[in-house]
Amino acid sequence: MKKDTSHTLKRAQRFPVILIGEGLLVGAVSGLIVMLYRIALTFAGQWLNKILEYINGHPIRILGWFAALLLLAVLVGRLVKWEPMISGSGIPQVEGEVLGKLSQNWKRVLPAKFAGGFLCLLGGLSLGREGPSIQLGAMGGQGVSRFFDRGKTEERYLMTCGASAGLAAAFHAPLAGVMFALEEIHKGFSVSLLISVMTASVTADYICSHIMGIDPVFQFELEHVLPQNYYWMLLVLGVILGLLGAFYNKVMLKAQELYKKPKFLNETTRLVIAFLAAGVLGLLMPSVLGSGGGLIVSLTDGEMVLRLVILTFVVKFLFSAVSFGSGAPGGIFFPLLILGALIGGAFAMTGVELFGLDPVYINNFVLLAMAGFFTAIVRAPVTGIILLFEMSGSVSQMLSLAVVSVVAYITATLLKSEPIYESLLNRLLDGQKKKSESGENSRRQGAGAGRQKVLSEFVIMSGSVLEDRTVMEIHWPNNCLLVALERNGKEMIPRGKTRLMAGDRLTVMTDERDAGYIHDKLENLCYTSF
């Protein structure tokens, strides 16, 4: 059914109430989907370990396993070719659709991403569950929206709810799910959206924890709070994490480029390289396979020495680039946390030898480095801090977490390193643009594209070009309508002589097909001073 202007506006007035109930439903649906995904990946990891034990020392069995890995690569390659939107993390795809720049089909993405992620983890690729969980959750939200025939504006809210529910269920971290959805996916904030996202996140976490338990993902205890006389080390660690985070982003993007340069490599042959690399490492260094959760246990239990930590970091780093660059369906979220933990462990062990750091604080630095490395790469510091204290069950490290995260953020920003998910989204959009120009993407664009009306909200920042100017003085983008202005909690109808102020929340209506273009233009007007 076509959603006209009057229907969209009337529906939007009831959003605060409607979205609470729909957030509850999306949280339940997405939570169940992601819980099943977690269970499937748990079995994949267990089966992989049993396979590696079974083939150890038997050449014929090893050859059989490599043949099975080739088969897995072919199967995943077929899935990626059938539905290209499952390639990689899935977070850029969700972000792109919420911003109105991409389009996904939940009926195809859900089964393909679920199966592809399971097969990749069964093969041992260094990928995480969080990106797929967020995409699966968002597709659950889209499915609910399509089932009830909601408009595009509402659908994007529900996809944000689903993304939040996906992260909450994947990591038993409901607050981090809320912050990540608002900070990274939706890139906006409103009271109605916040309440619905919180409802979805808490619902998904309750369902998942009720069945799978309430233990934190990383189960290691921090016996002591880091004394402030060691805080100078946090500054050094933050700079190191910022440098390595910028390097990580560059290597991951470069890996994608290297895979795409040879003309003989396609969706399947790229995956063959990654799966064969996993087979070799399964024989030589099986600890780096999969997401790497076992490395945290070994590191925090004191089972690893400094040289082994450094070697593991290098191998895990390179293998993550090989795995992710191939386009396999899987995330970088969890592996990068493992890499951050290894950096923190190596840094603390070095501090013990050189600066007399008490060994009881090694685990503190492991946790701190995870948050700092995440912040340097993703550029979402609040999410990183909340995620780590939820995943570890420790709330006593907030000050030190904030110090490391801020320093890592500043360092990565000064190096002009773009956030990884924004870089990946831009590359994805460039690829979609080339396909569209060559006519290959016309099949994927629905015949009714652009018919629905979409509402978007923007907040005027202090110092922007809109501040202290009247509506009639602004050169607004074509094909958009300024329909409402909220100031100090009160909504008004903007007129030509209405003077805009910092903090005003603008509601803009546009056609679905123009939503991405309008979003970029309005962001520039609201956030920049030129």
Side-chain angles (χ1 to χ4, degrees), residues 37-84 86-90 111-129 131-132 251-252 255-256 258-262 264-295 311-312 314-332 334-335 338-339:
Y37 186 66
R38 277 186 63 178
I39 293 172
L41 295 191
T42 300
F43 279 115
Q46 293 173 352
W47 294 346
L48 177 62
N49 290 333
K50 290 180 179 178
I51 290 170
L52 294 177
E53 291 177 7
Y54 179 73
I55 68 172
N56 187 29
H58 297 81
I60 302 299
R61 295 177 183 176
I62 291 173
L63 289 175
W65 174 233
F66 273 84
L69 288 173
L70 289 174
L71 177 60
L72 291 177
V74 172
L75 291 174
V76 176
R78 292 285 180 88
L79 288 171
V80 172
K81 191 173 182 178
W82 179 66
E83 180 48 68
I86 70 168
S87 177
S89 166
K113 192 74 172 190
F114 196 107
F118 170 78
L119 294 175
C120 286
L121 267 294
L122 178 61
L125 270 60
S126 180
L127 299 168
R129 66 175 180 243
V251 170
M252 292 299 148
Q256 287 187 331
L258 292 175
Y259 268 111
K260 292 180 180 179
K261 278 186 177 181
F264 63 87
L265 290 179
N266 55 29
E267 293 91 344
T268 300
T269 48
R270 285 194 288 265
L271 288 163
V272 167
I273 296 173
F275 274 93
L276 291 181
V280 173
L281 289 173
L283 300 175
L284 302 177
M285 200 173 184
S287 61
V288 301
L289 297 181
S291 57
L295 290 172
L311 175 63
T312 303
V314 172
V315 176
K316 183 70 174 175
F317 188 101
L318 295 175
F319 184 40
S320 295
V322 171
S323 299
F324 184 73
S326 69
I332 57 173
F334 202 96
I338 303 301
L339 291 172

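These numbers were taken from a predicted model, which means no experiment stands behind them. Residue numbers count from 1 along this sequence.
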Sequence neighbours excluded, which residues qualify as ring pair (Phe, Tyr, Trp, His ring centres under 6.0 Å) partners of Phe114?
-> Tyr37
Working to the nearest 0.5 Å, report the span between CE of Met252 and OG of Ser89.
-> 12.0 Å
Is there any side-chain hydrogen bond (donor to acceptor under 3.5 Å, both in side chains) pair reaching into residues 42-52, and which pairs are they, with sequence neighbours excluded?
-> none
For residues 315-328, which residue pairs qualify under side-chain hydrogen bond (donor to acceptor under 3.5 Å, both in side chains), counting only residues two or more places apart or in two chains?
-> Ser126-Lys316, Ser126-Ser320
So, for Phe334 and Gly128, which heavy atoms are closest and what is the spacing to 0.1 Å?
-> CB-CA, 4.0 Å
Of the non-hydrogen atoms in Val76 and Gly116, which two are nearest, and what is the gap between them?
-> CG2-O, 4.3 Å
Would you give the length of the straight line joining atom CG of Asn266 to atom OG1 of Thr269, rounded to the nearest 0.5 angstrom?
-> 3.5 Å
Do Leu265 and Ile273 touch side chain to side chain, with heavy atoms closer than 4.5 Å?
-> yes
Pairwise side-chain contact, Leu70 with Phe275, heavy-atom cut-off 4.5 Å (strictly under) | no
From CA spacing to verdict: side chain to side chain contact (heavy atoms under 4.5 Å, CB included), Leu52, Leu289 = CA-CA 11 Å; Leu52 294 177; Leu289 297 181; 3.7 Å; yes
Can any side-chain N or O of Tyr259 pair as donor or acceptor with the backbone N or O of Glu267 at less than 3.5 Å?
-> no
For Ala73 and Thr268, work out which heavy atoms get closest and say how close.
-> O-CG2, 4.1 Å
Kindly indicate whether the side chain of Pro329, heavy atoms from C-beta on, has any atom under 4.5 Å from the side chain of Pro132.
-> no
Closest approach of Ala328 to Leu127 (non-hydrogen atoms, all atoms of both residues) = CB-CD1, 3.8 Å
Do the non-hydrogen side-chain atoms of Val280 and Phe66 ever get within less than 4.5 Å of each other?
-> yes
Spacing of CH2 belonging to Trp65 relative to OH belonging to Tyr54, to within rounding of 0.5 Å = 13.0 Å
When you look at CD1 of Ile60, are more than 12 heavy atoms from neighbouring residues, nucleotides or ligands closer to it than 6.0 Å?
-> no
Looking at CD1 of Ile51 and CG of Asn56, how far apart are the two atoms once the value is rounded to the nearest 0.5 Å?
-> 13.5 Å
Could you grab the distance from atom CG of Leu121 to atom CG of Leu41, nearest 0.5 Å is fine?
-> 4.5 Å
Check whether any side-chain heavy atom of Met285 lies under 4.5 Å from a side-chain heavy atom of Thr312, and answer yes or no.
-> yes
Ala112 and Trp82: which non-hydrogen atoms are nearest, and at how many Å?
-> CB-CZ3, 3.8 Å
Which distance, rounded to the nearest 0.5 Å, do you find between the CG of Leu79 and the OG of Ser87?
-> 11.5 Å
State, yes or no, whether a side-chain contact exists between Phe324 and Leu125 at a heavy-atom distance under 4.5 Å.
-> no
